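Quantities reported herein were computed from a predicted structural model and do not represent experimental measurements.
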Amino acid sequence: MFTLDERIDTVGGEIAVARIPAERDALTTAKARAPRIVASVDTRRRWDINAIDPPGATQLRAIEAIFAKSIADDPEEASGYTSRASLRSGVGDRRGAVADLTHAIAITPTIDLYLQRSTESHELGDMAAALKDAEAARALDPSSQQAIGQLSDLKAEGGDMPGALALLDQRIALGGSMRNAFREAKAGLLGEYGDVTAALVLFDSLIADKPGSPSLMNGRCWAKGTRMVMIDSALKDCTGAIELSTDTSGPLDSRAMVWYRLGKYEQALADLDAVLASTPNQAESHFMRGIVLVKSNRRPEATKEFAIARRLLPSVDRRYARYGIKAD
């Protein structure tokens, strides 16, 4: 048991311009001295928990009891259901999460709740339910970027590419500050499901308008790597995105895909290890690490990676199958 008491005091007042560097340094120093808990090597990760406590453990039952009491105390409050849904989703009980989200939506229907339930249904393989909830989310706010993005992706995955593109084109035509965000989403959608050549043309145009954008460079790299086109320039895109990003997990994972396509498994493994060191719950990187380990004749290790990836993201196999990459 670890208990931390923290107090934050607001003193007000202004900082003189000359003092700003010193104050920033003081803040950085304070953050560096913050206490950290380091788990033992054999600590269970959430992907090791299969919706129920292992023999002799009571942790999940205790947490479920707390949520059950919270819900019983105020059954018309949605937060108890949404919190328990998060727990259940995290430990692999996605059907339980859907049930809780259904209760929460009956109390307070919101865009976020519909999209969360859509995601859970998608991972359970129920595409019809996932699509229905994404449409319900967009009905609450037809301009919601998140709802439009999730709905267009589901439509494209289900084979309705014209319908998916129409959603994005409608928002692009309206212009405004979100135009380029929807153009980037369209480039990603084309790269994932549609005409990769058109996707790269659109990425080129966006990068010309906004040079040095790590998300655009990573998007172009990913499209090239997954669709196996212009691999010779993909590495440059990925490396550029890594150099410019504050969070490098995405572009490192993309570059690992390119290394894999080039048959350079040692370099791919190094990038994937770097991703998982900082983001251990990134399912896609676990899956690709398994693929690379198979190519490196390390199948027992690969089997463990595939199991972790599937626990975290049940849809991972069908996603990578689109790229011609299969675990077995």
Side-chain angles (χ1 to χ4, degrees), residues 1-6 8 44-54 57-155 157-158 164 167 171 178 181-182 185 247 279-283 310-316 319:
M1 179 68 72
F2 175 83
T3 303
L4 171 67
D5 292 325
E6 182 178 56
I8 299 175
R44 285 184 302 151
R45 298 280 189 173
R46 67 182 176 93
W47 55 75
D48 297 320
I49 303 171
N50 191 23
I52 58 173
D53 287 306
T58 60
Q59 185 180 30
L60 280 179
R61 271 183 292 164
I63 297 171
E64 285 270 2
I66 292 170
F67 283 134
K69 184 178 184 305
S70 174
I71 291 168
D73 288 345
D74 192 353
E76 296 306 312
E77 168 58 47
S79 62
Y81 289 110
T82 58
S83 297
R84 191 170 65 181
S86 178
L87 167 74
R88 289 176 169 177
S89 177
V91 298
D93 182 11
R94 295 184 180 275
R95 295 193 186 281
V98 167
D100 276 339
L101 290 168
T102 299
H103 282 296
I105 288 170
I107 297 168
T108 311
T110 67
I111 292 173
D112 287 344
L113 290 178
Y114 275 119
L115 293 181
Q116 287 175 39
R117 192 171 67 176
S118 173
T119 297
E120 298 298 338
S121 295
H122 177 264
E123 293 307 314
L124 287 167
D126 190 345
M127 294 297 292
L131 192 65
K132 182 179 179 181
D133 274 345
E135 288 172 336
R138 182 170 177 261
L140 290 178
D141 181 2
S143 66
S144 167
Q145 182 184 0
Q146 187 179 3
I148 291 169
Q150 191 158 324
L151 179 57
S152 63
D153 195 77
L154 287 168
K155 282 180 174 289
E157 185 178 348
L167 284 171
R171 304 309 303 181
M178 297 302 297
F182 284 111
D247 177 4
T279 317
N281 62 343
Q282 188 155 306
R310 288 163 182 156
R311 280 282 287 108
L312 290 169
L313 195 70
S315 65
V316 69
R319 179 180 183 184

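- Within the structure, every pair that satisfies the ring pair (Phe, Tyr, Trp, His ring centres under 6.0 Å) test and touches residues 64-84, not counting sequence neighbours, is listed here: Tyr81-His103.
- With hydrogens and angles ignored, the 3.5 Å screen pairs no side-chain donor or acceptor of Thr58 with any backbone N or O of Arg61.
- Atoms CG and OG1, on Leu124 and Thr119 in that order, are 11.0 Å from each other to the nearest 0.5 Å.
- How far OG of Ser79 is from CZ of Arg84: 12.0 Å, rounded to the nearest 0.5 Å.
- Side-chain N or O atoms of Asp100 include none that pairs as donor or acceptor with a backbone N or O of Ala97 at under 3.5 Å.
- Taking CD1 of Ile107 as the start and CD of Glu77 as the end, the distance is 7.5 Å to the nearest 0.5 Å.
- A 4.5 Å side-chain heavy-atom check between Arg94 and Pro314 finds at least one atom pair inside the cut-off.
- Considering every non-hydrogen atom in both Leu115 and Ala134, the closest pair reads CD2-CA, 4.2 Å.
- For Gln150 and His122, the side-chain atoms include no donor-acceptor pair closer than 3.5 Å.
- For the pair Ala283 and Leu312, the tightest heavy-atom approach, listed with the atom from each and the gap, is CB-CB, 3.7 Å.
- To the nearest 0.5 Å, the span separating CG on Leu60 from CZ on Arg88 amounts to 10.5 Å.
- Separation of atoms CD (Glu135) and CG (Leu154) is listed at 9.0 Å; rounding is to 0.5 Å.
- The two residues Asp53 and Gln59 make their nearest non-hydrogen contact at OD1-N, 3.3 Å.
- Contact of the Asn281 side chain with the Arg45 side chain is not registered, since no non-hydrogen atoms from C-beta on lie closer than 4.5 Å.
- Judged purely by atom type and a 3.5 angstrom limit, Ser118 has no side-chain atom pairing as donor or acceptor with the backbone of Tyr114.
- For Ala129, the side-chain contact (heavy atoms from CB on, under 4.5 Å) test picks out Ser121, Asp126, with sequence neighbours left out.
- Closest heavy-atom contact between Gln145 and Ala181: NE2-CB, 3.6 Å.
- Taking all atoms of both residues into account, the shortest heavy-atom contact from Leu140 to Ile111 is CD1-N, 3.7 Å.
- Looking only at distances, a side-chain donor or acceptor of Arg46 sits under 3.5 Å from a matching main-chain atom of Gly90.
- Counting heavy atoms from C-beta outward, Leu151 and Lys155 have side chains that approach closer than 4.5 Å.
- Atom-to-atom distance recorded for Asp112:CG and Leu101:CG is 11.0 Å, nearest 0.5 angstrom.
- For the residue pair Gln146 and Ser144, no side-chain donor N or O sits within less than 3.5 Å of a side-chain acceptor on the partner.
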